K.L.:
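I'd like to ask some things about the structure below.
For the numbers below, each heavy atom of this structure counts, side chains included, while hydrogens, waters and symmetry mates do not. None of these values were measured; they are calculated from a predicted model.
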Amino acid sequence: MDKKQILIITNTEKANKNLSQWISNNEAYELFFASSDERAIELCHQSRYDMAVIDNTDPDIKLKKLQAVLPILQKEVLLINHNGEVAEDLQRKIVAAFNKRKYDRIKRLMVLDSSKPVHQPSSLPPFSAN
């Protein structure tokens with residue numbers, strides 16, 4: 001199974017120590033880096049990502065801009081805000097976001113699957129133009 005691709009949007013020179021710790025301990029995901037919001041938008045034009053982790057501790061990164069533009073460029077991208085929490089909490093947020101998307105997808109499939117018409121003897125016959 002392919003590793004999920006995560007775009008980390010942070011200035012690597014000023015990166016939060018908790019985010020840096022999570023990055024260094026990560027083996028489950030394939031990570032890509034953007035040092036600014038503009039670079040993140042460029043990368044989203046070029047490649048598909050499963051998630052974008054936005055470093056809110058960096059005042060140069062425009063969170064609202066990314067929240068508006070990235071979902072337009074990539075409909076399925078998940079956005080996670082890193083507010084300086086420890087690496088374990090960030091990992092929990094990421095796993096929870098992926099699980100929520102998986103459960104929502106399963107729920108949609110179940111609804112689509114259960115929408116098949118059930119024959120009811122008291123219902124009217126289907127419409128016919130003849």
Side-chain angles (χ1 to χ4, degrees):
M1 187 171 176
D2 293 329
K3 287 185 173 184
K4 296 202 183 297
Q5 297 182 340
I6 298 179
L7 178 63
I8 308 292
I9 306 164
T10 186
N11 185 342
T12 53
E13 296 171 1
K14 301 186 285 184
N16 181 287
K17 68 176 181 123
N18 293 329
L19 181 58
S20 298
Q21 182 184 9
W22 179 82
I23 290 168
S24 64
N25 293 334
N26 173 59
E27 293 179 7
Y29 308 108
E30 189 173 355
L31 302 180
F32 299 87
F33 297 91
S35 59
S36 68
D37 45 77
E38 291 297 323
R39 181 68 182 138
I41 291 169
E42 289 174 20
L43 288 174
C44 285
H45 276 290
Q46 298 169 2
S47 299
R48 190 189 80 71
Y49 299 100
D50 297 299
M51 178 180 286
V53 176
I54 304 167
D55 185 5
N56 282 348
T57 62
D58 186 350
D60 297 332
I61 295 175
K62 296 172 182 68
L63 174 67
K64 288 184 180 183
K65 179 180 184 180
L66 290 170
Q67 288 176 330
V69 174
L70 293 185
I72 293 171
L73 295 175
Q74 297 188 14
K75 183 180 174 187
E76 293 290 320
V77 72
L78 296 170
L79 300 178
I80 298 293
N81 299 325
H82 178 261
N83 298 315
E85 62 266 15
V86 295
E88 293 81 19
D89 290 342
L90 179 60
Q91 178 64 22
R92 276 190 225 109
K93 280 172 77 171
I94 290 170
V95 169
F98 281 131
N99 284 338
K100 181 179 179 336
R101 180 169 68 183
K102 179 174 67 175
Y103 297 142
D104 288 345
R105 191 174 291 146
I106 290 170
K107 195 182 327 180
R108 279 195 312 270
L109 288 173
M110 289 175 63
V111 168
L112 287 175
D113 204 24
S114 66
S115 65
K116 294 177 184 173
V118 177
H119 178 68
Q120 296 176 350
S122 63
S123 66
L124 296 173
F127 176 78
S128 174
N130 294 333

K.L.:
For the pair D50 (side chain) and Q5 (backbone), establish whether a donor and an acceptor sit closer than 3.5 Å, ignoring hydrogens and angles.
P.N.:
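A pair under 3.5 Å: yes.
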K.L.:
Counting C-beta onward and ignoring hydrogens, is there a side-chain heavy-atom pair between D37 and V69 closer than 4.5 Å?
P.N.:
no
K.L.:
Should L7 and I23 be counted in the same cluster of Ile, Leu, Val, Met, Phe, Trp and Tyr side chains packed under 4.5 Å apart?
P.N.:
no
K.L.:
Of the non-hydrogen atoms in L78 and A97, which two are nearest, and what is the gap between them?
P.N.:
CD1-O, 3.7 Å
K.L.:
Say you draw a straight line from CD1 of I54 to CD1 of I80; how long is it, rounded to the nearest 0.5 Å?
P.N.:
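Here the interatomic distance stands at 9.0 Å.
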K.L.:
Using every non-hydrogen atom in the two residues, find where K3 and A28 come nearest and quote the distance to one decimal.
P.N.:
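So the two residues come closest at CG-O, 3.8 Å.
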K.L.:
Given N83, which partner from the list T57, N56, D55 fulfils the side-chain hydrogen bond (donor to acceptor under 3.5 Å, both in side chains) test?
P.N.:
N56
K.L.:
Mind jotting down which residue pairs meet the ring pair (Phe, Tyr, Trp, His ring centres under 6.0 Å) criterion with at least one end in residues 64-100? Sequence neighbours excluded, please.
P.N.:
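Qualifying pairs: Y29-F98.
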K.L.:
Would you compute the distance between atom CD of Q74 and atom OG of S47 and round it to the nearest 0.5 angstrom?
P.N.:
8.0 Å
K.L.:
Hey, any chance I41 and F32 share a hydrophobic cluster, counting ILVMFWY side chains that come within less than 4.5 Å of each other, even indirectly?
P.N.:
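Yes, because I41 and F32 connect within a single hydrophobic cluster, where side-chain heavy atoms sit under 4.5 Å apart.
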K.L.:
Supply the atom-to-atom distance W22 CH2 to L31 CG, rounded to the nearest 0.5 angstrom.
P.N.:
5.0 Å
K.L.:
Report the residues that fulfil ring pair (Phe, Tyr, Trp, His ring centres under 6.0 Å) with F33, sequence neighbours left out, ordered by chain and then residue number.
P.N.:
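F33: no ring pair (Phe, Tyr, Trp, His ring centres under 6.0 Å) contacts found.
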K.L.:
May I ask you to say whether D60 pairs ionically with K62, meaning some side-chain N is under 4.0 Å from a carboxylate O?
P.N.:
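A salt bridge is absent here (no side-chain N lies under 4.0 Å from a carboxylate O).
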K.L.:
Taking only residues at least two apart or on different chains, which pairs with a member in residues 57-78 satisfy ring pair (Phe, Tyr, Trp, His ring centres under 6.0 Å)?
P.N.:
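Residue pairs with at least one partner in residues 57-78: there are none.
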K.L.:
Salt bridge check: are R108 and D104 linked by an N-O gap of less than 4.0 Å?
P.N.:
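D104 and R108: not salt-bridged.
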K.L.:
Does CD in Q46 sit with more than 12 non-hydrogen atoms of other residues, nucleotides or ligands closer than 6.0 Å?
P.N.:
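Correct, the count exceeds 12.
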K.L.:
Could you go step by step and tell me if L66 and L79 meet the side chain to side chain contact (heavy atoms under 4.5 Å, CB included) rule?
P.N.:
CA-CA 9 Å; L66 290 170; L79 300 178; 5.9 Å; no
K.L.:
How long is the gap from CZ on R92 to CD on E85, to the nearest 0.5 Å?
P.N.:
10.5 Å
K.L.:
Give a yes or no on whether the backbone of E76 and the side-chain of R101 come within a donor-acceptor separation of less than 3.5 Å.
P.N.:
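Answer holds: yes.
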K.L.:
N18 vs L90, test: side chain to side chain contact (heavy atoms under 4.5 Å, CB included). Steps then yes/no.
P.N.:
CA-CA 9 Å; N18 293 329; L90 179 60; over 6 Å; no
K.L.:
Would you sort out whether N81 and Q67 count as a side chain to side chain contact (heavy atoms under 4.5 Å, CB included), showing the intermediate values?
P.N.:
CA-CA 10 Å; N81 299 325; Q67 288 176 330; 3.5 Å; yes
K.L.:
Could you measure the distance from the OH atom of Y49 to the CD1 atom of I6? Nearest 0.5 Å is fine.
P.N.:
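If we round to the nearest 0.5 Å, Y49:OH and I6:CD1 are 12.0 Å apart.
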K.L.:
Is any side-chain heavy atom of I94 closer than 4.5 Å to a side-chain heavy atom of N26?
P.N.:
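No; the side chains remain at least 4.5 Å from each other.
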K.L.:
What's the shortest heavy-atom distance between A52 and I9, and which atoms?
P.N.:
CB-CD1, 4.2 Å
K.L.:
Report the C-alpha separation of V77 and C44 in whole Å, then their side-chain angles, then the decisive distance to 0.1 Å, and conclude whether the side chain to side chain contact (heavy atoms under 4.5 Å, CB included) test is met.
P.N.:
CA-CA 10 Å; V77 72; C44 285; 5.8 Å; no
K.L.:
I need the I8 CD1 to S35 OG distance, nearest 0.5 Å.
P.N.:
13.0 Å
